Structure formats: structure tokens, C-alpha cells
Colleague: 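Can you read through this structure? Questions will come right after.
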Amino acid sequence: MRRGGWRVVALATLTLFFVESFHRFVPAIYAKNIDTLAIGPSILIILVFLAPLAYLLLRVEHPDRVLLPLAIALAVLRVLVVLPLGVDFQLVFGGLAVGTYLLYLPAHLLRGLRDAAPNLDASGVALGFAADGTARSLFLSADPIARWDLLPLLVTIVLAAFGILALYLEVRHNPTVLPPPKPLGRRGVVRAAGIGLGLGAAWGLQLTILAYPAVLARFAEANLFLMTAAVLAGLGFGIFVVLRGAHPTAHLTLGGNALVALAAVDLVWLRSPFLPLLIGIAQFVIVADFALLFGYLRRAPSLRAAGLALGLSGLVLILYLIAFVFSLVYAFVPGRSLWEGHLPWFLLLATVALAIPAILYAQRSRRHGLKHAGGPSDAAIALTLVVVVMFLLGGLGARLLASPAPPTGTEAFTVMTYNIHQGFGSDGILDLGRIRDVVAAADADLVALQESDTARITSANVDSIRWLSVGLGYDEAYGPPTSRQTFGVGLLSRFPIVTWEVVDLPSVEVQRVAVQAELRIGAETVTVVAVHFGLPREEREAQAAFLLERLSQVPGRTIVLGDLNSCPNGLCPGATVADTVYESFKAGLLADVWTAAGTDKMDPAGFTWPAAAPDRRIDYVFFTAGVEIGAVQVPGTALARLASDHRPVVVQLRTVPPPWLAPPEDGRQFQTAPGDGAPDGGGREVVGVGIRDPVLPLGVEARAPRVLAPSPRVAGVG
């Protein structure tokens with residue numbers, strides 16, 4: 001390719017490596033915060049974003065001399081960051097990769113092709129984001145080589161070699177020597193500050209939300225395919241227009257960035273049908289803004305000036321990331337009242353920070369008669385075709401909706417409840433592949449997932465529920481939308497999900513929710529509730545009372561699966577006052593499958609937390625009448641101990657004809673067997689614990705409760 005085509009390819013490859021490493025680095029920081037409940041070490045760790053400030057101290061006059069070493073280092077770190085060596089190594093390698101890219105970028109921006117370079121470099125950055133978006137749509141993951149699969153690993157190595165070769169050809173054909181550096185002066189510092197503000201805001205918006213279709217879809221409960229099309233089409237159109245040499249006026253830049261702000265407003269508040277269109281426009285405008293800011297940077301061709309600008313952009317990105325992550329409002333976030341509910345304003349502030357320097361440069365470039373020459377026609381056509389292919393592949397990936405695998409039976413089926421800790425294992429490593437393997441090993445037909453937070457930057461912007469549902473063949477229900485910035489609850493089902501809704505539970509600390517769904521199991525409709533209770537005792541008791549009152553209005557069979565954060569005796573280790581959660585569930589005509597299978601409610605074989613060495617049972621499956629219990633287990637395999645901070649609970653159930661019972665004359669609901677499923681005198685277990693069915697005809701003769709043969713006790717490895 002002539003006139004800078006290799007330049008675009010090289011920067012696109014390295015930008016892709018940066019983005020993928022970034023989404024390893026940030027979750028590793030988050031995991032350390034969860035482990036230490038402190039942010040001090042993280043503040044030191046993320047100082048790698050200030051790496052370009054090193055150029056203020058280093059006297060580098062020939063950027064070509066540092067380009068290839070930095071590019072090779074970034075390619076090597078990209079592979080090392082996924083080594084299965086622990087979260088500390090992810091922090092080290094991920095941080096080094098981020099810092100290396102930010103050191104590379106100033107030298108790349110200032111070399112060669114003075115007139116056309118800003119357009120080419122903006123296209124390279126946009127192409128890197130488009131490649132990342134396409135890979136995510138196809139693999140539904142942040143990192144295709146996360147599990148060291150051979151083919152993706154080879155593809156990454158080949159891509160790295162190709163990118164470095166492209167950079168070598170660019171440096172060889174277009175050598176650059178910068179003029180002797182001049183003092184920055186007041187004007188140079190102001191220029192660097194403006195560029196840093198704009199670039200930092202642009203990086204922040206792209207890396208946290210705007211460049212990720214899954215994030216956008218979950219955030220606004222929008223269509224994933226439309227969001228994928230919007231993001232990739234906007235990037236592709238932006239690449240084409242910028243490569244053709246377009247140079248917008250200040251008025252056009254103002255109007256375009258106003259639409260970026262409008263897209264943010266629509267995303268967080270309005271969620272109108274026009275949101276995909278606005279997102280596509282926002283992507284186009286951001287590509288143009290990158291070109292404007294890169295062009296402004298090249299007015300003072302000094303690595304000191306570029307290093308200051310990119311270093312300040314890293315500072316802006318740090319502040320934005322802290323505000324964005326703290327808006328998650330989880331219990332351990334310091335100064336929670338300062339952040340909770342303010343995420344929309346952080347987004348809007350970032351759009352303003354991007355717009356101001358872009359508009360300023362567009363105005364000044366016209367005043368001084370500065371114009372960027374158009375990029376090469378062959379590169380424009382070739383790269384646009386590349387984006388079109390990515391658009392088609394990304395759209396195909398977004399349309400992947402695996403048909404649910406058939407359940408094991410319409411009467412006999414397996415259920416599972418599992419707190420997946422946002423995808424983080426007990427070792428602090430984010431790896432949804434391990435969660436998938438635990439769920440696959442259970443071969444459950446119905447899975448409730450707590451802390452299944454989707455599409456967050458702290459979880460690498462991966463839609464965990466979609467990734468699991470498509471990969472394993474389930475229908476899904478999930479809530480609340482990511483814009484709520486609180487714990488998510490998911491439900492995966494091989495049975496058809498007829499209807500479902502997200503129910504807010506009474507909460508005083510962090511908002512908790514339940515997902516209530518109607519499932520078609522055989523010829524019947526069964527109500528299934530996936531739930532995650534809070535930490536304060538009073539809150540859990542209020543949530544239990546609320547949920548039981550709600551379920552008392554539900555006819556037919558009900559199954560409740562969830563993390564109640566409560567022990568069967570009401571007094572978990574470390575607690576001083578017992579709660580009544582477990583007993584209120586039993587009093588509400590719900591049977592605990594663990595005791596219904598003939599096991600003591602405090603048997604250590606049922607303990608689920610912490611996964612490595614559990615000392616309490618806080619994850620449960622409850623059920624009402626008309627359900628038989630088979631095997632009950634808490635898997636204790638090495639993988640189950642590692643994949644999350646909870647162990648799952650797996651239960652085999654079978655629906656049976658309901659024991660038609662005449663309602664008592666006083667109208668009270670009626671329990672037909674001991675609530676704990678105690679064995680009767682003949683060594684058999686009575687597990688029918690009552691029925692609540694408002695359509696039960698009055699005067700129907702009561703039948704004896706269903707009595708089962710002894711159920712096998714399958715205790716988990718403890």
C-alpha cells in the first residue's frame with residue numbers, strides 16, 4: 001500500500017492489542033480491590049496511564065528508534081497477559097502493555113507524512129476498535145485467547161507479526177527525524193492540556209461503553225444486532241470519510257459533538273427507538289474528533305509536547321475510570337453517596353470534555369488555513385472494505401442465538417443455583433470459561449446465576465449471561481439493565497421462558513432484585529424465582545417477607561433458587577444476632593431441598609461459601625408441593641472451588657400430579673408434611689409440603705400426600 005497504508009495497519013493492530021490488554025488490566029485491578037477492600041494500591045498501579053510523561057525527561061529526537069522496540073514489546077505482552085499465572089501477573093503484564101502502547105503512540109503520531117498523518121492515525125485507531133468489536137461479536141468475549149485455544153493464539157501471533165512487519169515497512173519507506181525540541185512555553189502547555197482533555201475523554205467513552213454493542217444493548221435494554229450494526233457502521237463510515245481528507249468546520253464539529261451528547265442522554269435517560277442511529281453518528285464523530293486532535297498535536301512536532309499531551313490524556317482517563325467504576329455502588333466503594341446514581345452525569349461531562357478541544361482545533365485550523373491532505377485512495381478503499389467485512393462478521397455474530405438444548409426430561413429435570421461473583425474466581429482471575437465448565441458439568445436444565453453482572457468495564461465489558469446462554473444452549477432472562485449499576489441476577493433455561501420480570505426487593509444498602517419467570521415444563525407452567533438477598537440482617541428479613549407475600553399470590557408450583565446470605569440456623573459465623581430468613585421460608589410452605597433429601601440443615605456437606613473452604617450454607621433451592629427430590633449435591637471439585645467464591649447447588653427434581661387437597665374451612669394454607677421433609681416411620685421421606693392453588697375447586701376430596709421411595713443423598717465433596 002502506498003502513502004501510509006502500512007501505517008494504518010500497524011496502528012490498528014497495536015490499538016487492538018492495547019484494548020484487549022486494557023480489558024485484562026482493569027478487571028485485575030478490580031479483583032485486587034475486592035480482595036483488599038482498599039483502593040490505595042490500585043491508584044499506584046494505574047499510574048501506568050501516565051507513561052507518556054517519560055518523554056519530558058527522556059531526550060528522544062528520532063521516534064523511529066523507539067517504534068519497533070515498543071511495538072515488539074507490546075505484541076509480546078499481549079500474549080503474556082493471558083498466561084495462567086495468577087492475578088498479580090495479569091496486573092504486571094497488563095499494566096506494562098497499557099503503558100507500552102501509550103509510550104508508542106506519541107512517537108507514532110509525530111512521524112512521517114505530516115499532512116495526511118492525522119487522518120491515517122485516526123483511521124488506524126478506529127480500525128483497532130472495529131476489530132475488537134468484531135471479535136467480541138463473533139466470540140462474545142473480550143479475549144479470544146483467554147483459554148489458550150490453539151487457533152486463536154496462532155491468529156494473534158500471526159496478527160502481531162503482520163503488524164510489526166507493516167510498521168517496519170512504514171519506517172523503512174518513510175524515515176523521520178524531528179527538528180530539535182523547543183521549550184514548551186505557556187502556549188505549548190495549554191495546547192497539550194486541551195489535547196489531553198479531549199483524547200482522555202475520547203478514550204474513556206470508547207473503552208467503557210460507546211464502542212461495545214453488548215454494553216449498549218444491556219445498558220438500555222436494546223437490540224444487540226442493531227447496536228452492533230450501529231457501532232461498526234459508524235466506525236466504518238468515519239474511517240472512509242476521514243481517509244478521504246474531510247476537514248469539518250467548527251460549526252459541523254459543534255453539531256456533531258452535540259449529537260454525541262444527545263446519544264449519551266438517550267442512552268441513560270430516554271432509550272428511544274433512535275438510539276442505534278445516534279450511536280452510529282457518535283462513532284462517526286469520535287473518529288473525526290480523533291483526526292482533529294491528532295492534527296492539533298502535530299502543530300508542535302516535539303516528543304516532549306506529545307508526551308505531555310498523551311500523559312494528561314492518561315490522567316483524564318484515570319479520573320473518568322474511577323468515577324465510572326465507583327458508580328457501581330457496591331458496598332465496598334468508599335464515599336458511596338458521592339457516586340451513586342451519577343453515572344449519567346459522568347458520561348455527559350466526558351462528551352463535553354471531548355467536544356471543547358475538537359471544536360477549538362477545527363476553528364483554529366480554518367483560521368490559519370490548515371488543511372489535511374486526503375489519505376491514499378487505495379488505502380481508503382481497502383480499509384473500508386475491511387470494515388465492511390467486519391460489519392458483516394460482527395452482525396453475524398450478534399445474530400447467533402443458539403437454540404436451547406432439549407431438557408433432560410419434561411418431568412425429571414435438574415436445577416442449579418450459582419453465585420458466579422461477576423466471573424471472578426477465588427484466585428481473583430476473571431475467567432467466565434471456568435463458570436461455563438462448572439455449569440456444563442452439572443448439565444442443569446435450569447440455572448439461576450447471582451452476581452451475573454453483564455457488560456461492565458470491571459468484567460471486561462463482556463455480556464456474561466449472553467456468553468453462557470449462547471455457548472451452552474439456553475434461553476435467558478436477566479435484570480436489571482446495566483444502567484442501574486447494581487448486582488444482576490440471571491436465569492438460564494432449556495425450558496421455554498413464557499414471561500419474566502425483574503422485581504426490586506426492599507433494600508437499604510445496595511438495591512437487590514429477583515427475576516421471576518414462568519416456564520413451560522411439559523404441559524404445565526412453573527414459576528421460578530432467582531434471587532439475591534442483601535447483607536444487613538434487617539434487609540434480608542424484609543426481603544424474605546416481601547418475596548413470600550408475593551409468592552403467596554402465585555398459583556401452582558414454585559421453585560426459588562438463590563443466594564440468601566443467611567444460614568439455616570439464622571446465625572452465620574461472625575454474626576451476633578440471628579435472623580429469621582430460613583425459618584420464614586419454611587413457614588411460608590417452601591421446602592428446603594437439602595433437608596427434604598434427608599440431610600441435616602447444618603450438614604457441612606451443604607456449605608457453599610467461601611468456595612475454597614466453605615464454612616456456611618447461604619445458597620438454597622426451595623420448592624412447593626408437586627415436586628419430588630432426587631439427588632442433591634454441592635459440587636466440591638477443584639474447578640468448583642476455583643471458578644467463583646461460591647460453590648453451586650445442584651438438584652434433581654421431578655414434577656408429579658398435585659395432591660388435590662380441599663382448602664381448610666378457616667381459609668388458611670395447609671401443610672401436609674413436616675417442613676423439613678423428615679423421614680416417616682417406614683424409612684420413607686415425605687416431601688409434599690402443601691399446595692397453594694386458588695383455582696382448586698371447593699369440595700374436592702383431599703388425597704394423601706405423595707410419598708416417595710428413599711431419595712439418594714448425594715453430598716458434595718466438602
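These numbers come from a predicted model, not from an experiment.
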Colleague: List the atom of Ala220, the atom of Leu267, and the distance in Å for their closest heavy-atom pair.
Modeller: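 Heavy atoms only, the tightest pair is CB-CD1, 3.9 Å.
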Colleague: State, with a plain yes or no, whether a side-chain heavy atom of Arg456 is found less than 4.5 Å away from one of Gln485.
Modeller: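 Side chain of Arg456 against side chain of Gln485, heavy atoms only: contact under 4.5 Å found.
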Colleague: Once salt bridge (charged side-chain N to carboxylate O under 4.0 Å, His left out) is applied, what residue pairs with a partner in residues 212-227 remain, sequence neighbours excluded?
Modeller: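 Those involving residues 212-227 are Arg218-Asp463, Arg218-Glu476.
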Colleague: Describe, in one word, how the ring planes of Tyr582 and Tyr620 are oriented to each other, choosing from parallel (under 30°), tilted (30 to 60°) and perpendicular (over 60°).
Modeller: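 If you compare the ring of Tyr582 with that of Tyr620, the planes turn out tilted.
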Colleague: With a 4.0 Å cut-off, would you call Arg484 and Asp453 a salt bridge?
Modeller: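 No salt bridge links Arg484 with Asp453.
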Colleague: Between Arg520 and Thr525, does the side-chain hydrogen bond (donor to acceptor under 3.5 Å, both in side chains) criterion hold? Intermediate values first, please.
Modeller: CA-CA 5 Å; Arg520 179 65 62 182; Thr525 298; 3.0 Å; yes
Colleague: Dump the intermediate steps for side-chain hydrogen bond (donor to acceptor under 3.5 Å, both in side chains) on Arg512 and Thr486, then the final yes or no.
Modeller: CA-CA 7 Å; Arg512 305 285 178 153; Thr486 188; over 6 Å; no
Colleague: What do the steps show when you test Asp475 against Ser493 for side-chain hydrogen bond (donor to acceptor under 3.5 Å, both in side chains), and what is the final call?
Modeller: CA-CA 5 Å; Asp475 278 340; Ser493 174; over 6 Å; no
Colleague: Check for a donor-acceptor pair, side chain of Thr454 on one end and backbone N or O of Ser464 on the other, with a separation under 3.5 Å.
Modeller: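 Pair absent, no side-chain N/O of Thr454 close to backbone of Ser464.
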Colleague: Is a donor on one side and an acceptor on the other found under 3.5 Å between the side chain of Thr558 and the backbone of Thr624?
Modeller: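 Side chain of Thr558 to backbone of Thr624, a donor-acceptor pair under 3.5 Å: no, none is there.
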Colleague: Between the side chain of Gln652 and the main-chain N/O of Gly630, is any donor-acceptor distance below 3.5 Å?
Modeller: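 Looks like no, no N/O pair under 3.5 Å.
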Colleague: Indicate the atoms forming the closest heavy-atom contact of Pro480 with Gly488, along with that distance.
Modeller: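 Smallest heavy-atom distance, with atoms named: CD-CA, 4.1 Å.
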Colleague: To the nearest 0.5 Å, how far apart are OG in Ser644 and CG in Leu449?
Modeller: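 So the gap between those two atoms works out to 10.0 Å.
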Colleague: Testing the 3.5 Å rule here: is there a donor-acceptor pair between the side chains of Glu518 and Thr527?
Modeller: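 Looking only at side-chain atoms, Thr527 and Glu518 do form a donor-acceptor pair, the distance falling under 3.5 Å.
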Colleague: State plainly whether the residues Glu20 and Arg136 are in salt-bridge range, i.e. N to O under 4.0 Å.
Modeller: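 The answer is no: the pair does not qualify as a salt bridge.
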Colleague: For Val649 and Val651, which heavy atoms make the closest approach, and how far apart are they?
Modeller: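 Closest approach of Val649 to Val651, heavy atoms only: CG1-CG2, 4.0 Å.
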Colleague: Grab the two heavy atoms, one from Leu430 and one from Gln422, that are nearest each other, plus how far apart they are.
Modeller: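 Here Leu430 and Gln422 meet closest at CD1-O, 3.5 Å.
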Colleague: Between the main-chain N or O of Pro610 and the side-chain N or O of Asp645, is there a donor-acceptor pair closer than 3.5 Å?
Modeller: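 Checked: no pair found.
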Colleague: Could you check whether Asp619 and Thr417, counting side-chain N and O atoms only, form a donor-acceptor pair closer than 3.5 Å?
Modeller: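 Looking only at side-chain atoms, Asp619 and Thr417 do not form any donor-acceptor pair under 3.5 Å.
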Colleague: Salt-bridged, Arg550 to Glu501, with N to O below 4.0 Å?
Modeller: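 Judged by the 4.0 Å cut-off on N to carboxylate O distance, Arg550 and Glu501 do form a salt bridge.
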Colleague: Salt bridge check, Asp592 against Arg617: does any charged N sit closer than 4.0 Å to a carboxylate O?
Modeller: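 Between Asp592 and Arg617 there is a salt bridge, with a charged N closer than 4.0 Å to a carboxylate O.
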Colleague: Between Ser566 and Val581 (side chain of the first, backbone of the second, donor and acceptor by atom type, cut-off under 3.5 Å), is there such a pair?
Modeller: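 No, the answer is negative, given that no donor and acceptor are paired below the 3.5 Å cut-off.
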Colleague: Mind checking whether Arg616 and Asn565 have side chains closer than 4.5 Å, heavy atoms only?
Modeller: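 The answer is no, as the side chains (C-beta and beyond) never meet within the 4.5 Å cut-off.
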Colleague: Do the rings of Tyr212 and His23 sit parallel, tilted or perpendicular, given the 30° and 60° boundaries?
Modeller: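 The rings of Tyr212 and His23 stand perpendicular, inter-plane angle above 60°.
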